[in-house]
Amino acid sequence: MCGIVGYAGGRPCRDILFQGLRKLEYRGYDSAGLSVISDDRLELLHSVGNLDNLEAILDQVGDKGTLGIAHTRWATHGRPSAENAHPHTDCTGRFAIVLNGIVENYLSLRATLQDEGHSFTSETDAEVVAHLIERAYQGSLRQAVVETYRQMEGHFAFCAIAADEPDVIVGMRKETPLVVGLGQGENFVASAVPAFLAETRAVVFPDDGDVVVVGRETVEIFDLDGKRVERLIQTVDWDDEAAEKAGYETFMLKEIHEQPAALADTLAERIAPDGRVALDGLGLSAEDIRRLERVIIVACGTSYHAGLIGEYALERWARVPVEVEVASEFRYRDPVIGPDCLCIAISQSGETADTLAAMRLARRAGAQVLALTNIVGSQATREADGVLFTRAGLEIGVAATKTFLTQVLAVLLFALWMGDRRGLLDGERVRSFTEELRRVPALLSDYLEGGAEGQIEEAAARYAAGRFFMVLGRDVGLPVALEGALKLKEISYVPTEACPAGEMKHGPIALLEEGSPVVVVATDGGVHDKLVSNVQEVRARGARIIAVTSEGNERLAEMADEVFQVPRTDEMLAPLVAVVPLQLFAYYVAKARGEKVDQPRNLAKTVTVE
Ligand code: M6R
């Protein structure tokens, strides 16, 4: 969480830093601030609330300074307040720092520093960093930062500036993202690429423990012993427009509409001319696949739901036992894992702290680890044996949409690939699925451009005042129901219960009252009849049914109050279309309730703390 951006160059940087923060606002938005070096002193500005509040007072900082750092915060230690907003400074006001992550040993560091006479002005863990730098400084900010880093425990990335060294920003990272942007006569450092995408696409991803010295003309990277190290310069292929709303009222709506393209991009070159699935970079040999006894999928939130769909597909097509685990639980269990296991870590950001910890645990126990992620250069890609990339492009909306759909596509492709390699699916069968997969982007595009959205918006307005939703599904429709419910919770704040339709009468049905809205994921498939019976049971309790069905299935139309028909496809591929009306429904319920869809309360896009 939290967004960091730094600039060193020839242009006045106050507004550049602010624009960078705007692009990172999805990472946290409870307070913000910046510090600019001007006339060899640090100018500082802090505000509470989202960036509009910082913008309103931005001119309190002069626009002369050409080097500075800025931060948008998602509170971990200390409530959102001006005092707790970054940048933090030392006792002398000569050093300023911004930090993303957690300094786990901050209490003991703080106590020692206080005993030595340092006085603190905030409740944060981050402030110790400024004081540690002050204590270590002997004329070199780089040396002081290294000295500070050595004393810090936890996972974090931070950047520091010093009034006495007005030409450099020094940054370091430990298990938390930090990326450098290389410009002409100017350079950037940030938590994520969008912060400087409008200025440059040439990027460097430093490693943990790298000391990054960002100057106006040069960027130098050192190891902890002061030796120069080289890191690859990469070009990111996103453009800045992708980080804008392109005419949509919110990023979430834009990203929902980008789903056909995201699917097509993720599919590109992954279907061979013979119709088989072609995946590379997985780090799995034929021998690995042969001796594989078990797959463990670890993930959080929406990515966990994609993992559940992977479970159905891998078991059905590759006949391999699969467990799907919430990473935050898995990492603290004592799971039975060994070299016969493949651990698939699903994380759109590749930076989720719990998922990374679960990956590490599996790796230490001898499992092979495959990361399924959307972000090139992310931590997950560095720690895995192989990577399967989704190609959703940048997702800004906190509520995941297009990254989910591409994760589902990727797990389906992987399951087909695995079933084929393990000799359990013949070529004809694989071909029939890949042909169908090829059709999905166009089906979805037609669906989104047709009248479906208007119908969903109208329906959402009818239910928006409700106090509660229940969402039901069976088989691969269950993860879709869970995901639809998560969307409703995240952005509309309406309490929502999702459960397997068959499990309802073991408890949750007691929640239903006359008129309770029940959303049912009821696309065609082997368990459709069972689901119809469950719908009857719910209806008999006076609930109102909102059904997602396959085009042409009129059976549920007679029982349901609202029917959202989605394009017909194979039942295993149906999640790729069935989740879309649920995303839109949650979106329009939230909108009708006047909620801020792109910045839901208490949430941040990337959860880099446990
Ligand atoms: O980046 P990740 O996929 O690891 O993120 C996992 C969850 O934090 C994420 O899916 C979260 O649940 C989203 N807000 C869902 O919309």
Side-chain angles (χ1 to χ4, degrees), residues 1 26-29 74 100 155 175-177 191-192 250-253 255-256 259 262 297-310 324-331 343-360 369-381 383-384 387-390 392-408 410-411 479-480 482-493 496 498 579-580 582-587 590 595-610:
M1 342 282 242
Y26 65 93
R27 299 178 69 90
Y29 33 80
W74 185 86
N100 170 29
H155 49 277
E175 298 167 18
T176 298
S191 305
T250 61
F251 283 112
M252 182 178 173
L253 193 59
E255 286 156 5
I256 289 173
Q259 293 184 112
I297 300 178
V298 293
C300 302
T302 285
S303 298
Y304 171 77
H305 300 151
L308 291 174
I309 293 171
V324 191
E325 306 271 355
V326 169
S328 54
E329 286 298 312
F330 179 80
R331 64 179 291 192
C343 170
I344 307 179
I346 307 182
S347 172
Q348 79 81 20
S349 62
E351 304 288 350
T352 298
D354 286 319
T355 306
L356 292 173
M359 279 174 74
R360 289 176 196 134
V369 176
L370 173 68
L372 199 168
T373 182
N374 195 44
I375 304 294
V376 175
S378 59
Q379 190 66 21
T381 65
E383 299 196 21
V387 184
L388 177 54
F389 283 108
T390 51
L394 186 63
E395 186 175 75
I396 302 276
V398 168
T401 52
K402 62 177 179 170
T403 54
F404 173 70
L405 226 62
T406 54
Q407 287 170 341
V408 173
V411 293
V480 174
L482 292 167
E483 176 60 9
L486 181 61
K487 293 297 89 127
L488 274 164
K489 286 183 251 198
E490 280 184 300
I491 60 171
S492 77
Y493 317 141
T496 302
V579 76
V580 178
L582 301 188
Q583 295 167 340
L584 287 168
F585 185 69
Y587 179 82
E595 305 300 352
K596 284 174 88 181
V597 171
D598 281 334
Q599 294 179 343
R601 70 184 179 208
N602 304 336
L603 295 177
K605 181 74 184 160
T606 308
V607 184
T608 54
V609 293
E610 68 169 293

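These numbers were taken from a predicted model, which means no experiment stands behind them. Both counts, for ligands and for their atoms, begin at 1 and track the order of listing. Count residues from 1 along the sequence.
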**Request:** Determine yes or no for a side-chain-to-main-chain donor-acceptor pair under 3.5 angstrom, with D354 supplying the side chain and A327 the backbone.
**Result:** no
**Prompt:** Looking at S303, which atoms of ligand 1 are within less than 4.0 Å of one of its heavy atoms?
**Reply:** 2 (P), 3 (O), 10 (O)
**Prompt:** Any side-chain heavy atom of Y304 sitting closer than 4.5 Å to one from V298?
**Reply:** no
**Request:** Report yes if T352 has an N/O atom closer than 3.5 Å to an N/O atom of ligand 1; otherwise report no.
**Result:** yes
**Prompt:** Does ligand 1 have a heavy atom under 4.0 Å from the side chain of K487, from its backbone, from both, or from neither?
**Reply:** side chain
**Message:** Please report whether ligand 1 has a polar contact with V398, defined as an N or O pair separated by less than 3.5 Å (distance criterion only).
**Reply:** yes
**Asked** Nearest protein heavy atom to atom 1 (O) of ligand 1, by residue and atom, and its distance?
**Response** S349 OG, 2.6 Å
**Message:** Is there a side-chain contact between V580 and F585 in this structure, where contact means two heavy atoms from C-beta onward sitting under 4.5 Å apart?
**Reply:** no
**Complete:** Ranked by distance from atom 8 (O) of ligand 1, the top protein heavy atom is V607 CG2, 4.0 Å
**Prompt:** With only distance considered, is K605 within less than 3.5 Å of ligand 1 through an N or O on each side?
**Reply:** no
**Message:** Considering non-hydrogen atoms of the protein only, which is the closest contact for atom 6 (C) of ligand 1, and what is the distance?
**Reply:** C300 O, 3.4 Å
**Prompt:** With a cut-off of 4.0 Å, which atoms of ligand 1 are near a heavy atom of A399?
**Reply:** 16 (O)
**Prompt:** Can you list the atoms of ligand 1 that are under 4.0 Å from a heavy atom of T302?
**Reply:** 10 (O), 12 (O), 15 (C), 16 (O)
**Message:** My understanding is that we take every heavy atom of each candidate and find the minimum distance to atom 16 (O) of ligand 1. Doing that for Q348, E490, E351, K489, which one comes out nearest?
**Reply:** E490
**Sidechain N-carboxylate O distance under 4.0 Å for E595, R601** = no
**Message:** So, regarding I346 and ligand 1 (criterion: nitrogen or oxygen to nitrogen or oxygen, under 3.5 Å), is there a contact or not?
**Reply:** no
**Request:** For the pair Q379 and E383, evaluate side-chain hydrogen bond (donor to acceptor under 3.5 Å, both in side chains) and give the outcome as yes or no after the intermediate values.
**Result:** CA-CA 6 Å; Q379 190 66 21; E383 299 196 21; 2.6 Å; yes
**Message:** Checking the side chain of K487 only, and the main-chain atoms of A399 only, is there a donor and an acceptor separated by less than 3.5 Å?
**Reply:** no
**Message:** Strictly distance-based, threshold 3.5 Å: is any side-chain N or O of S492 a donor or acceptor partner for the main-chain N or O of K489?
**Reply:** no
**Request:** Using modelled atom types only, decide if a donor and an acceptor are shared between the side chain of T606 and the backbone of S349 within a distance under 3.5 Å.
**Result:** no
